[in-house]
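Structure first, commentary second.
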Amino acid sequence: ILITLMSKILKSEAIVLRKIEFGETSYIVHLFAKEYGKISVLAKGARTTKSKWGNLIDILNVIETIFYEKPTREIQILSSADLIYKPEKIFLNLEKYALAMMCAELPYRCFVDGYPNIKIFEALKKAIKIINESPQTMFDLPLRFVLFFLKESGYEFIFEHCSVCKEKINSGEVSYY
């Protein structure tokens with residue numbers, strides 16, 4: 001069996017989840033890519049004043065990426081990125097920023113690298129857009145995102161009946177677990 005150690009050039013829409021300074025001039029950028037799941041890429045020279053990256057790799061941006069994937073590397077090399085959506089209003093409102101980051105933390109903390117989930121990717125992208133464009137702060141949106149995330153991950157809450165005794169829970173009734 002011949003195993004290729006050559007780099008593959010991959011293209012995907014991605015959401016920037018986090019970026020960490022690396023060396024004197026670069027960032028390690030954690031992305032949630034539509035087709036490839038959570039990945040870590042190196043944006044070489046991104047911290048220099050003449051960087052081609054500019055604000056493209058800001059947290060919560062939705063970008064179209066091209067990166068070099070090598071199976072033997074944990075961190076891939078980011079080749080280029082184009083901005084699809086920048087949630088500028090989120091950064092002007094601390095509450096909106098906190099809500100959006102609550103949603104973005106779930107795929108960052110819960111997913112291992114390389115396992116895509118297109119439904120969760122699309123839901124996160126939609127949540128960021130709603131938080132950014134809504135005139136009021138939507139405090140229930142992260143909870144809705146968490147419930148969707150859990151359902152898509154195989155852990156669905158059932159609110160119609162008690163999970164222990166199976167007794168029906170009526171709408172508007174206060175229940176304790």
Side-chain angles (χ1 to χ4, degrees), residues 1-91 96-132 141-142 145-146 148-155:
I1 299 174
L2 179 63
I3 299 174
T4 179
L5 298 177
M6 302 272 301
S7 293
K8 290 189 275 184
I9 300 172
L10 302 176
K11 183 177 181 177
S12 183
E13 184 178 352
I15 299 167
V16 180
L17 300 176
R18 182 173 290 200
K19 65 181 182 180
I20 301 166
E21 292 181 358
F22 182 78
E24 292 182 20
T25 62
S26 302
Y27 281 112
I28 294 175
V29 184
H30 299 280
L31 304 171
F32 186 37
K34 185 174 186 175
E35 290 87 6
Y36 304 103
K38 190 176 83 168
I39 55 171
S40 300
V41 296
L42 180 65
K44 292 182 179 179
R47 292 172 47 208
T48 61
T49 55
K50 295 182 180 180
S51 169
K52 67 179 180 179
W53 303 112
N55 295 332
L56 284 173
I57 55 172
D58 283 347
I59 294 171
L60 301 175
N61 278 359
V62 180
I63 56 177
E64 185 71 37
T65 62
I66 297 176
F67 59 96
Y68 297 103
E69 182 199 45
K70 194 170 189 179
T72 56
R73 278 194 305 238
E74 285 186 36
I75 300 172
Q76 310 310 324
I77 306 298
L78 187 62
S79 172
S80 72
D82 292 313
L83 185 64
I84 295 173
Y85 183 76
K86 183 170 188 65
E88 293 175 343
K89 295 174 190 167
I90 284 176
F91 298 99
K96 285 186 174 202
Y97 177 76
L99 296 174
M101 289 307 295
M102 280 186 229
C103 295
E105 276 293 302
L106 278 171
Y108 178 76
R109 298 270 181 202
C110 297
F111 286 156
V112 294
D113 289 1
Y115 290 94
N117 189 315
I118 294 172
K119 285 184 177 180
I120 291 177
F121 173 86
E122 292 295 341
L124 178 59
K125 186 169 82 169
K126 184 176 181 180
I128 290 168
K129 193 169 188 174
I130 290 170
I131 292 168
N132 186 59
L141 194 110
F145 182 78
V146 167
F148 178 79
F149 183 92
L150 289 171
K151 179 183 175 195
E152 290 301 316
S153 300
Y155 302 97

When rounded to the nearest 0.5 angstrom, what distance separates [atom1] in [X] from [atom2] in [Y]?
| X | Y | atom1 | atom2 | answer |
| --- | --- | --- | --- | --- |
| Glu64 | Lys11 | CD | NZ | 5.0 Å |
| Leu17 | Lys38 | CG | NZ | 8.0 Å |
| Leu42 | Ile20 | CG | CD1 | 11.5 Å |
| Asn61 | Ile84 | CG | CD1 | 10.0 Å |
| Phe145 | Leu150 | CZ | CG | 10.0 Å |
| Trp53 | Lys19 | CH2 | NZ | 12.0 Å |

Sub-3.5 Å donor-acceptor pair from the side chain of Asn132 to the main-chain atoms of Lys89, do we have one? yes
Pi-cation contact, Tyr85 with Lys125 (under 6.0 Å, within 45°): no
What are the two closest non-hydrogen atoms of [X] and [Y], and how far apart are they?
| X | Y | value |
| --- | --- | --- |
| Arg73 | Ser7 | NH2-OG, 3.8 Å |
| His30 | Ser40 | ND1-OG, 2.9 Å |
| Gln76 | Glu69 | OE1-CA, 3.1 Å |
| Ile90 | Ile128 | CD1-O, 3.7 Å |
| Ser26 | Gly45 | OG-N, 3.1 Å |
| Lys96 | Ile131 | NZ-O, 3.1 Å |

Side-chain touch [X]/[Y], heavy atoms, less than 4.5 angstrom:
| X | Y | answer |
| --- | --- | --- |
| Ser80 | Thr65 | no |
| Phe121 | Phe32 | yes |
| Leu78 | Ile57 | yes |

Determine whether the aromatic ring centres of Phe111 and Phe149 lie less than 6.0 Å apart. yes
Applying side chain to side chain donor-acceptor pair (under 3.5 Å), can you list everything that pairs with Glu35, at least two apart in sequence or on another chain? Ser12
Flag if over 12 foreign heavy atoms under 6.0 Å of OH, Tyr68: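 Open: at most 12 neighbouring heavy atoms sit under 6.0 Å from OH of Tyr68.
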More than 12 non-hydrogen atoms from neighbouring residues, nucleotides or ligands closer than 6.0 Å to NZ on Lys129, yes or no? no
Who pairs with Tyr97 by ring-ring contact (aromatic ring centres under 6.0 Å, His included), at least two apart in sequence or on another chain?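 Once residues adjacent in sequence are excluded, the partners of Tyr97 under the ring-ring contact (aromatic ring centres under 6.0 Å, His included) criterion are Phe91.
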